[in-house]
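Take a look at the structure below.
Protein chains get the first letters and strands the later ones, always in sequence-line order, with residue 1 at the start of each.
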Number of protein chains: 2
Amino acid sequence: MANIKDVARAAGVSSSTVSRVINDSPSISNETKAHVRHVIKTMNYTPNQNAKALTNNKSYTVTLLVDVDDEKAFQNPFFYEVMHGIEKYVYQKEYSLIVANLNTKVKKTNVLDWLVKGKRTEGVILPSAILDPAIVEDLRKEGVPFVSIGEPEKVRQSVSWIDIDNLKGTERATYRFLEQGRRQIAFIGLESSELFSRRRHQGYISALSSYGITPDPSLVITCANTKENGEHHMTRILEGPTTPDAVICADNMLSFGVLKAIKDKGLRIPEDISVISFDNAQTAELSYPSVSTVDVDVFELGYRSAKLLFDRIGNTDLAEEGILISTVITTRET
Amino acid sequence: MANIKDVARAAGVSSSTVSRVINDSPSISNETKAHVRHVIKTMNYTPNQNAKALTNNKSYTVTLLVDVDDEKAFQNPFFYEVMHGIEKYVYQKEYSLIVANLNTKVKKTNVLDWLVKGKRTEGVILPSAILDPAIVEDLRKEGVPFVSIGEPEKVRQSVSWIDIDNLKGTERATYRFLEQGRRQIAFIGLESSELFSRRRHQGYISALSSYGITPDPSLVITCANTKENGEHHMTRILEGPTTPDAVICADNMLSFGVLKAIKDKGLRIPEDISVISFDNAQTAELSYPSVSTVDVDVFELGYRSAKLLFDRIGNTDLAEEGILISTVITTRET
DNA sequence: GTGAAAGCGCTAACAC
DNA sequence: GTGTTAGCGCTTTCAC
């Protein structure tokens with residue numbers, strides 16, 4: 001395996017020159033650069049990253065910290081897309097991406113400490129679900145930049161984060177209905193234990209109230225994200241005092257049941273009741289009729305989280321920042 | 001940040017002694033060890049991994065190579081469990097796990113070359129779906145150990161791999177039915193484009209033939225893994241010439257439809273028709289009645305793949321090896 | 001515009 | 001059982 005000295009010798013220059021060429025230093029003449037690059041090519045030389053890491057005191061590596069025990073949070077396609085987004089940005093920066101599980105222990109110390117103190121990683125991306133005051137304290141103490149995927153909830157410290165703009169998402173969907181003249185707009189959401197669920201609910205309320213409408217309690221329900229729940233609760237709403245002319249559905253699983261309930265009652269979609277759900281396109285197209293959605297770009301979520309992190313790696317005293325990624329309403333048949 | 005010299009100075013020994021203590025060399029007296037370890041503790045010293053990597057010419061890192069564009073292969077909980085298994089083993093070895101996407105480019109070269117030639121990684125784990133002759137050639141040329149998750153298919157070269165024992169899985173399930181005296185055993189499988197599908201089919205045939213039974217073509221169907229397909233094809237089988245008294249279902253999605261079709265025909269499960277499906281417990285418990293399954297341990301799959309890899313990192317001229325992980329039949333209500 | 005030399009933090013051969 | 005020293009492959013200051 002050729003090293004920088006071999007290249008230098010072969011090119012008839014010093015190793016510092018080769019180094020400068022590799023790093024495209026402006027102080028090297030174009031002829032020398034061309035020559036050395038040629039030699040590098042023919043010798044098939046690749047710099048040893050460990051040496052580079054040692055010299056520059058940088059690992060050229062960032063870490064995605066996950067909690068494998070939190071099934072809800074990450075055993076879904078969502079996670080994979082986020083990771084893909086992160087991956088893309090990270091490798092563009094010529095860094096590599098480490099994945100580590102929060103609960104893993106290495107020599108009895110937690111992975112994160114091990115990675116950080118051992119200078120194996122320069123930054124950390126972690127889901128808000130595992131962001132608690134203790135971890136923040138830890139990361140701060142080590143002085144390693146980090147960003148949260150998801151708006152932080154359990155943490156009072158100011159941290160950098162990125163999230164889908166859930167509130168605006170449902171708000172816009174609700175506005176759309178209002179502009180269509182619909183006024184009995186139902187909301188079927190997820191339980192409010194998660195911040196994003198509450199945000200989606202808030203968006204609905206916000207839009208209504210700007211039209212001077214108070215949400216009708218009989219049109220609002222929250223439950224776990226199963227198809228069955230969607231069907232059950234939509235049926236109850238349809239049998240209730242107010243028949244809605246539109247439904248905001250905060251989750252795609254729910255929407256499958258919601259659509260079924262409406263069809264079973266013999267109502268027309270979207271003429272009698274229009275429906276907008278939330279989430280990725282993939283599943284939305286499987287429903288019949290295919291459900292309109294507030295689309296979230298999870299790849300972008302990952303990509304931007306990495307960008308946010310690298311900003312802070314490049315400049316340690318950058319202020320903390322929270323970023324919301326806009327959603328887009330995709331109109332389908334409902 | 002303290003380094004080894006600082007520790008040495010503070011402990012009143014040389015840095016080689018500290019190094020030996022860190023690596024638990026037998027040539028150091030117990031008193032010295034105890035003393036140095038104490039100093040290390042109080043100084044909160046952690047060895048710089050980049051320096052270690054350079055000195056030992058090891059990156060202490062392995063790579064999980066994925067293909068994010070192959071949605072089928074990895075946008076499922078399966079992937080996550082596998083990764084978890086890998087992660088666990090890797091960190092036990094005090095290595096870290098890099099994740100990289102096959103199609104990512106770094107400085108116009110593919111990630112893998114970049115990782116390998118740059119000495120960023122010592123070994124590679126990759127799904128059989130992306131294992132083709134060119135990649136094998138590439139990895140061999142670089143001399144980097146690798147293992148395939150999944151029995152290789154597109155490759156003639158001998159490689160190390162690990163997989164679920166799909167054949168034995170369906171074979172055992174079929175035997176169970178045969179031992180119960182059932183003889184009209186249907187098989188609803190996945191399309192034979194994937195090796196694991198064919199293996200599951202082969203297991204079914206193998207068990208039958210050892211009982212001297214030739215599979216009844218009207219009882220065998222393969223299709224894509226949707227609930228609807230399961231329902232549709234099961235219905236057709238039930239309306240066909242032979243009424244089965246048992247069904248081997250090679251995929252859990254299918255089984256949901258299969259159960260529905262049987263119930264809709266008014267047949268009793270398991271009295272009239274018994275069903276065994278394939279895959280993880282989680283989804284199986286959601287069906288009604290809860291479906292018995294051939295369980296696969298995907299965590300183990302990941303864990304053992306990492307083990308297989310580290311065997312080869314430790315000893316480069318170990319022979320290639322293929323490992324099949326046994327399945328277990330979990331009896332539920334069907 | 002390029003080279004010589006020191007140094008990043010660790011390990012290992014050799015000395016005692 | 002422990003210390004001295006050279007060296008891993010790169011970058012960077014200082015010279016010229």
Side-chain angles (χ1 to χ4, degrees), chain A residues 1-37 39-40 43-61 94-95 107 114-122, chain B residues 1-37 39-40 43-61 94-95 107 114-122:
Chain A
M1 201 67 192
N3 64 22
I4 200 170
K5 268 191 178 165
D6 300 329
V7 175
R9 205 172 303 124
V13 297
S14 74
S15 40
S16 17
T17 298
V18 177
S19 173
R20 290 186 183 111
V21 171
I22 293 168
N23 297 297
D24 203 18
S25 156
S27 62
I28 299 290
S29 75
N30 285 330
E31 303 87 64
T32 315
K33 277 189 184 171
H35 175 55
V36 171
R37 280 184 187 134
V39 175
I40 287 178
M43 294 184 76
N44 197 17
Y45 164 74
T46 310
N48 181 315
Q49 298 300 326
N50 299 131
K52 194 175 165 188
L54 174 60
T55 303
N56 296 341
N57 197 26
K58 288 172 152 201
S59 60
Y60 297 98
T61 297
E94 292 174 36
Y95 271 57
K107 309 184 121 193
W114 181 73
L115 289 169
V116 170
K117 287 194 187 148
K119 300 248 179 279
R120 272 189 157 92
T121 199
E122 291 182 46
Chain B
M1 202 69 191
N3 63 23
I4 200 171
K5 268 191 177 164
D6 299 329
V7 175
R9 204 172 303 125
V13 297
S14 75
S15 40
S16 23
T17 299
V18 178
S19 173
R20 290 185 182 108
V21 172
I22 293 168
N23 297 296
D24 204 17
S25 154
S27 63
I28 299 288
S29 75
N30 286 330
E31 303 86 66
T32 314
K33 277 189 183 172
H35 174 55
V36 172
R37 282 188 184 130
V39 175
I40 287 177
M43 294 184 77
N44 197 17
Y45 163 74
T46 309
N48 181 316
Q49 298 300 326
N50 299 132
K52 198 176 162 187
L54 175 60
T55 304
N56 297 340
N57 197 25
K58 288 171 152 203
S59 59
Y60 297 99
T61 297
E94 293 174 35
Y95 271 56
K107 307 184 125 197
W114 181 73
L115 290 169
V116 170
K117 287 193 188 150
K119 301 250 179 277
R120 271 189 157 94
T121 198
E122 292 182 45

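- The Asn56(A) side chain lies nearest to dT11(D) when the options are dT11(D), dC10(C), dT2(C).
- Protein atom CG of Leu54(B) is 12 Å distant from nucleotide atom C1' of dG7(C), rounded to whole Å.
- Positionally, the nearest nucleotide of DNA chain C for Ser25(A) lies more toward the 5' end than for the other of Ser25(A) and Ser19(B).
- Judged by distance alone, with hydrogens and angles left aside, the side-chain atoms of Asn56(A) form no donor-acceptor pair with the main-chain N or O of Lys58(A) at under 3.5 Å.
- Among the nucleotides dT2(C), dC10(C), dG3(C), the one closest to the side chain of Asn3(B) is dC10(C).
- Asn50(B) has its CG atom 23 Å from the P atom of dG7(D), to the nearest Å.
- Side chain of Glu122(B) to main chain of Tyr60(B): a donor-acceptor pair is present (N/O by atom type, distance under 3.5 Å, no hydrogens or angles).
- For the pair Asp6(A) CG and dC10(D) C1', the computed distance is 13 Å after rounding to whole Å.
- No contact: Val18(A) has no heavy atom under 4.0 Å from any strand.
- Atom-to-atom, CZ of Arg9(A) to C1' of dG9(D) comes out at 13 Å; the value is rounded to the nearest Å.
- Taking atom OH of Tyr60(A) as the reference point, atom P of dT11(D) lies 8 Å away to the nearest angstrom.
- Taking 4.0 angstrom as the limit, Ser14(A) places none of its side-chain polar atoms (N or O) nearer than this to OP1 or OP2 of dT2(C).
- Judged by distance alone, with hydrogens and angles left aside, the side-chain atoms of Ser25(B) form no donor-acceptor pair with the main-chain N or O of Arg20(B) at under 3.5 Å.
- Within the structure, every side-chain polar atom (N or O) of Thr55(B) is placed at least 4.0 Å from both OP1 and OP2 of dC10(C).
- In the set dG9(C), dT11(C), dC10(D), dC10(D) carries the atom at the smallest distance from any side-chain atom of Tyr45(A).
- Checking side-chain atoms of Thr55(B) against main-chain N and O of Ala51(B) turns up a donor-acceptor pair under 3.5 Å.
- In this model, no donor atom of one side chain and acceptor atom of the other lie less than 3.5 Å apart for Ser19(A) and Ser16(A).
- Where Pro26(B) and Ala51(B) each meet DNA chain D at their nearest nucleotide, the meeting point lying more 5' is that of Pro26(B).
- The phosphate of dG9(C) has neither OP1 nor OP2 within less than 4.0 Å of any side-chain N or O from Asn48(B).
- Residue Asn57(B) contributes atom CG, which lies 13 Å from atom C1' of dC10(C) at whole-angstrom precision.
- Side-chain atoms of Thr32(B) lie closest to dT2(D) of the nucleotides dT2(D), dC10(D), dG3(D).
- In the set dC10(C), dT11(D), dA12(C), the nucleotide with an atom closest to the side chain of Ser16(B) is dA12(C).
- We find the CD1-CD1 distance between Ile22(A) and Ile28(A) to be 11.0 Å, quoted to the nearest 0.5 Å.
- An OP1 or OP2 oxygen of dG1(D) is reached within less than 4.0 angstrom by no side-chain nitrogen or oxygen of Thr17(B).
- For dT11(D), the base has no donor-acceptor partner in the side chain of Ser15(A) [N/O atoms by modelled type, under 3.5 angstrom].
- Atom pair Ile28(A):CD1 and dG3(C):P shows a separation of 8 Å (rounding to whole Å applied).
- One finds a side-chain N or O of Asn23(A) lying less than 4.0 angstrom from the OP1 or OP2 phosphate oxygen of dT11(D).
- dA12(C) atom P lies 11 Å from atom CD1 of Ile4(B), rounded to whole Å.
- Candidate nucleotides dT2(D), dG9(C), dT12(D) were compared by shortest atom distance to the side chain of Arg20(B), and dT2(D) ranks first.
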